[in-house]
Undergrad: 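Please see the structure below; I have some questions.
Computed from a prediction, not measured in an experiment: that's the story for all the values here.
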Amino acid sequence: MRTRFAPSPTGLLHIGGVRTALFAWLMAKKTKGTFILRIEDTDRAREVTGAVENILKTLIWAGLKPGEGVVLENGKIAEKGGFGPYVQSKRLEYYLKSAKELVKQGKAYHCFCSTERLEEVRQRQTAAKERVLYDRHCRALTAEEVGERLGRGERNVIRMMVPSEGAVTFQDLIRGEVSIGNEILDDQVLLKSDGFPTYHLAVVVDDHLMQISHVIRGEEWLPSTPKHVLLYRYFGWDLPIFAHLPLLLNPDKSKLSKRQGDVAVEDYRAKGYLKEALVNFIAFLGWNPGDERELFSLAELVQEFSLERVGKAGAVFNIEKLNWLNFQHLKKKSDEEILGMLRGHLVKAGMDGSAFTDSYLLGVIAAMKERSTFVHEFVDKCPYFYKAPAEYDPDVVKKRWKPETRSQLEVLAKELARMGHTGKEDFEAALHRAAASLNIKNTELIHPLRLALSGVGAGPGLYDIAFLLGKDESVRRIFAAIEKLH
RNA sequence: GCCCCCAUCGUCUAGAGGCCUAGGACACGGGCUUUUCAAGCCUGUAACACGAGUUCGAAUCUCGUUGGGGGUACCA
């Protein structure tokens, strides 16, 4: 099996794009086939510099490395494989040759209509509530006339000649048989006046020349597939297998787009989503294993995935589920692995990472793991592990800080200061002793202590916090709180 | 407008005629646990768009309606 992902370099890689890439990649891997990256840069106006590199890096980040086509070699964009070039702007000769061949066979023709005339035709048709199609004006031109105008170097395009009757029927792996009447098919432009092909010509020529066996793409291409089928027939080529994936939707069910939240993979990456979670989540948008399992690694997806189990209806991109998956995948990682990511994050957050030892951070990770969905929460959610609280949550102060708290905490501080060993259970024992000597319940000390140490009312187990901070720092924070809160 | 595709809880989905008084997951509510917050465990609310058929029997098949989406460029 040879599958391909063929994006246009018009910007950042879209979440819908990676899903298409993922499905194509999975199919290739599953069958020990090849996954190819081809760049469809036939619209020069929309091209964005750096887009190819971004797309490639994002794919690789997600684990979807192309085995052929446009690849990254030593950090540089390169091409690999025997069917190149893999960038369409470098393949102009193929498209020109193909288009000319069709003209010669009478299956395509030169069209000299101006954009103004085209626009006029469109408007007339719209007003008359007719189908908006090219009126095939230039089909009537004689060979002499065409030759003459071509000789003058007049601007023209090449359009495919679509039969006005009959219908095109083709098989889609996901949707079964799809049929569209020829009468609604346009005499599609194949070669633009700038010499570049349109998508329709380029995709057919390249998929054939590159021996793509399965064309896996979004459902938005379904309506133009008949044109492609026609083109395959005109050229006398075998059809690939088509699989049109259901669309990814905004919460309002329209096609996933910008302006309704983030759509670039990079956005999610920047927010701290794990690639494992994103891939897992995206795979389940339209696909499922048929049983109750939900957590999948990329390798497991390769084992289980099949296009037969891809659904037909569009799927809403639901961030809540993604968050849950991120939590699950984060929990699956070893503390050591998280440590590496946390160190990276500390640096990014502008903190002096070297101020904390591995074992200290590992302690923070153990304490916070059940409470964190993202790696950055090992910092954001518990700043008190990195520096003493500068202020105290007013609500918690109101609830837990009584007039007698001050003197009680002083007793506790003395107990703590006297400890010989400073294990987690020693803090607990010391607090119990303090409470006993004051003749109060443990909780009356526990909550004020939590407030003094962390500045907030919620978090990991109190003794975990105290143990991690250590005896001296805990005592310091108690006195700091007494001073600030009276 | 025209064409194509789609239609099960709010969301992702299981379901390929009887196993469905429709299952799971996220989210939401309640409970247990507990020094707090989480996590975990238990539990609750919640869906076959509608209408005709076919059939002994339909979420599952057919047709229609409605709704939604996509397409309709010298963009992909």
Side-chain angles (χ1 to χ4, degrees), chain A residues 6-10 40-43 45-46 111 113-115 118-119 122 125-134 155-159 172 174-175 178-181 183-186 188-200 202-203 217-226 244 246-247 249 251-255 281 284-295 311-325 327 331 368-373 381 396 399-400 428 431 441-447 449-451 454 456-463 465:
Chain A
S8 309
T10 53
E40 310 219 326
D41 58 342
T42 54
D43 185 351
R46 295 206 310 158
C111 167
C113 293
S114 65
T115 42
L118 259 20
E119 184 51 35
R122 255 193 292 274
Q125 289 168 336
T126 308
K129 303 214 170 194
E130 286 169 13
R131 284 195 193 100
V132 179
L133 292 175
Y134 174 57
R155 266 180 97 77
N156 71 97
V157 301
I158 291 178
R159 288 181 182 273
D172 184 277
I174 293 169
R175 279 147 226 287
V178 177
S179 186
I180 296 184
E183 69 279 3
I184 65 118
L185 257 30
D186 210 348
Q188 184 68 51
V189 171
L190 298 177
L191 205 67
K192 307 184 229 180
S193 57
D194 64 1
F196 277 65
T198 58
Y199 172 82
H200 308 285
V203 75
R217 64 197 352 174
E219 195 192 337
E220 69 267 30
W221 293 112
L222 200 56
S224 48
T225 304
H244 288 93
L247 258 24
L249 274 22
D252 73 353
K253 306 252 184 184
S254 59
K255 184 172 157 183
F281 176 65
F284 271 68
L285 256 22
W287 174 87
N288 73 81
D291 54 38
E292 241 110 79
R293 290 170 300 161
E294 300 248 44
L295 258 39
K312 301 173 182 179
V316 173
F317 187 92
N318 176 218
I319 201 99
E320 301 285 352
K321 189 83 167 251
L322 210 207
N323 289 341
W324 177 77
L325 278 171
F327 172 72
K331 231 167 44 166
M368 291 299 295
K369 211 170 181 181
E370 294 297 308
R371 278 161 261 262
S372 302
T373 297
K381 266 195 169 178
V396 181
K399 192 171 173 197
R400 307 290 193 188
E428 185 164 3
L431 186 136
K441 285 188 196 158
N442 295 334
T443 50
E444 298 198 52
L445 240 28
I446 284 172
H447 293 293
L449 177 58
R450 171 182 294 283
L451 181 65
S454 71
V456 292
L462 174 66
Y463 306 117
I465 298 177

Undergrad: If you look at every strand shown and take non-hydrogen atoms under 4.0 Å, does A:V189 touch a base, only sugar-phosphate, or nothing?
TA: sugar-phosphate
Undergrad: Over all strands shown, is A:P197 touching base, sugar-phosphate only, or nothing at heavy-atom distances under 4.0 angstrom?
TA: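 It contacts sugar-phosphate atoms only.
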Undergrad: Tell me, please, which residues at least two apart from A:R131 pass salt bridge (charged side-chain N to carboxylate O under 4.0 Å, His left out).
TA: none
Undergrad: Could you pick out which residue, A:G181 or A:T443, lies toward the 5' side of RNA chain B when each is mapped onto its nearest nucleotide?
TA: A:G181
Undergrad: Which whole number of Å gives the distance between the C1' atom of B:U54 and that of B:U62?
TA: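 One C1' to the other, the span is 7 Å.
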Undergrad: Searching all strands shown, indicate the nucleotide that pairs with B:C26 (Watson-Crick or G-U wobble; both distances under 3.5 Å).
TA: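 The base-pairing partner of B:C26, which may sit in any strand shown, is B:G10.
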Undergrad: Taking all non-hydrogen atoms of both residues into account, name the closest pair between A:D43 and A:K192 and its distance.
TA: CA-NZ, 4.0 Å
Undergrad: Using atom P of each nucleotide, how far apart are B:U65 and B:G71 to the nearest Å?
TA: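 Rounded to whole Å, the distance is 24 Å.
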Undergrad: Do A:S193 and A:R155 meet the criterion of a side-chain donor-acceptor pair at a distance under 3.5 Å?
TA: yes
Undergrad: Expressed in whole Å, how much space separates the P atoms belonging to B:C5 and B:U21?
TA: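 B:C5 and B:U21 have their P atoms separated by 33 Å.
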Undergrad: In whole angstrom, give me the gap between the P atoms of B:C19 and B:C37.
TA: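 B:C19 and B:C37 have their P atoms separated by 45 Å.
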Undergrad: Under 4.0 Å, heavy atoms only, any strand: does A:S372 hit a base, just the sugar-phosphate, or nothing?
TA: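 The answer is nothing, as A:S372 stays clear of every strand by at least 4.0 Å.
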Undergrad: What's the gap between B:C28 and B:A46 when it is taken at their C1' atoms, as a whole Å value?
TA: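 The answer is 10 Å between these two C1' atoms.
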Undergrad: May I ask you to say what A:L222 touches in the nucleic acid, namely base, sugar-phosphate or nothing, with a heavy-atom cut-off under 4.0 Å?
TA: sugar-phosphate
Undergrad: Could you say whether A:G461 or A:D291 is positioned toward the 5' end of RNA chain B, judged by the nucleotide with the nearest heavy atom to each?
TA: A:D291
Undergrad: Using the P atom as the reference point in each nucleotide, state the distance between B:U55 and B:U60 in Å, no decimals.
TA: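 My reading of the P atoms in B:U55 and B:U60 gives 16 Å.
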Undergrad: Find the partner of B:G40: check Watson-Crick (N1-N3 plus N6-O4 or O6-N4) and G-U wobble (N1-O2, O6-N3) distances, both under 3.5 Å, and reply none if neither fits.
TA: B:C32
Undergrad: Please enumerate all residues that pass salt bridge (charged side-chain N to carboxylate O under 4.0 Å, His left out) together with A:R400, with sequence neighbours excluded.
TA: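 Expected list: none.
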Undergrad: Under 4.0 Å, heavy atoms only, any strand: does A:P460 hit a base, just the sugar-phosphate, or nothing?
TA: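 Answer is base: heavy atoms of A:P460 come under 4.0 Å of a base.
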Undergrad: At 4.0 Å (heavy atoms only), tell me whether A:R155 reaches a base, stays on the sugar-phosphate, or touches nothing.
TA: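 Answer is nothing: A:R155 stays at 4.0 Å or more from every strand.
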Undergrad: Reckon A:S8 touches a base, only the sugar-phosphate, or nothing at all at heavy-atom distances under 4.0 Å?
TA: sugar-phosphate
Undergrad: Name the nucleic acid region contacted by A:Y463, choosing base, sugar-phosphate or nothing; use a 4.0 angstrom heavy-atom cut-off, strictly under.
TA: base
Undergrad: If you take all heavy atoms of A:Y199 and A:R217, which pair is closest and at what distance?
TA: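 So the minimum-distance heavy-atom pair works out to OH-NH2, 3.1 Å.
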Undergrad: Base, sugar-phosphate, or nothing: which does A:N442 touch, judged by heavy atoms less than 4.0 Å apart?
TA: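 The answer is nothing, as A:N442 stays clear of every strand by at least 4.0 Å.
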Undergrad: B:C50 pairs with which nucleotide, Watson-Crick or G-U wobble, both distances below 3.5 Å?
TA: B:G64
Undergrad: Apply ring-ring contact (aromatic ring centres under 6.0 Å, His included) to A:Y134 and list each qualifying residue two or more places apart in sequence or on a separate chain.
TA: none
Undergrad: At under 4.0 Å between heavy atoms, what does A:R175 touch on the DNA or RNA strands: base, sugar-phosphate, or nothing?
TA: sugar-phosphate
Undergrad: Determine the Euclidean distance between corresponding P atoms of B:G70 and B:U36; express it in Å to zero decimal places.
TA: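 Those two atoms are separated by 50 Å.
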Undergrad: Does A:V132 reach a base, just sugar-phosphate, or nothing at all? Heavy atoms under 4.0 Å.
TA: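 Here A:V132 touches the bases of the nucleic acid.
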Undergrad: Applying a 4.0 Å non-hydrogen cut-off, can you work out what A:T126 is touching in the nucleic acid: base, sugar-phosphate, or nothing?
TA: nothing
Undergrad: Searching all strands shown, indicate the nucleotide that pairs with B:G17 (Watson-Crick or G-U wobble; both distances under 3.5 Å).
TA: none
Undergrad: With sequence neighbours left out, write down each residue that passes side-chain hydrogen bond (donor to acceptor under 3.5 Å, both in side chains) with A:S224, or none if nothing qualifies.
TA: none
Undergrad: Below 4.0 Å from chain A heavy atoms, what is the first contacting nucleotide of RNA chain B and what is the last?
TA: B:G1 to B:A76
Undergrad: State, with a plain yes or no, whether a side-chain heavy atom of A:V178 is found less than 4.5 Å away from one of A:T225.
TA: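 No, their side chains stay 4.5 Å or more apart.
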Undergrad: Looking across every strand, which nucleic acid part, if any, lies under 4.0 Å from A:Y199 by heavy atom: base, sugar-phosphate, or nothing?
TA: base
Undergrad: Taking the P atom in each of B:A7 and B:C48, what is the distance between them to the nearest angstrom?
TA: 16 Å
Undergrad: Under the rule for salt bridge (charged side-chain N to carboxylate O under 4.0 Å, His left out), what residues qualify as partners of A:D252, not counting sequence neighbours?
TA: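 A:D252 satisfies salt bridge (charged side-chain N to carboxylate O under 4.0 Å, His left out) with no other residue.
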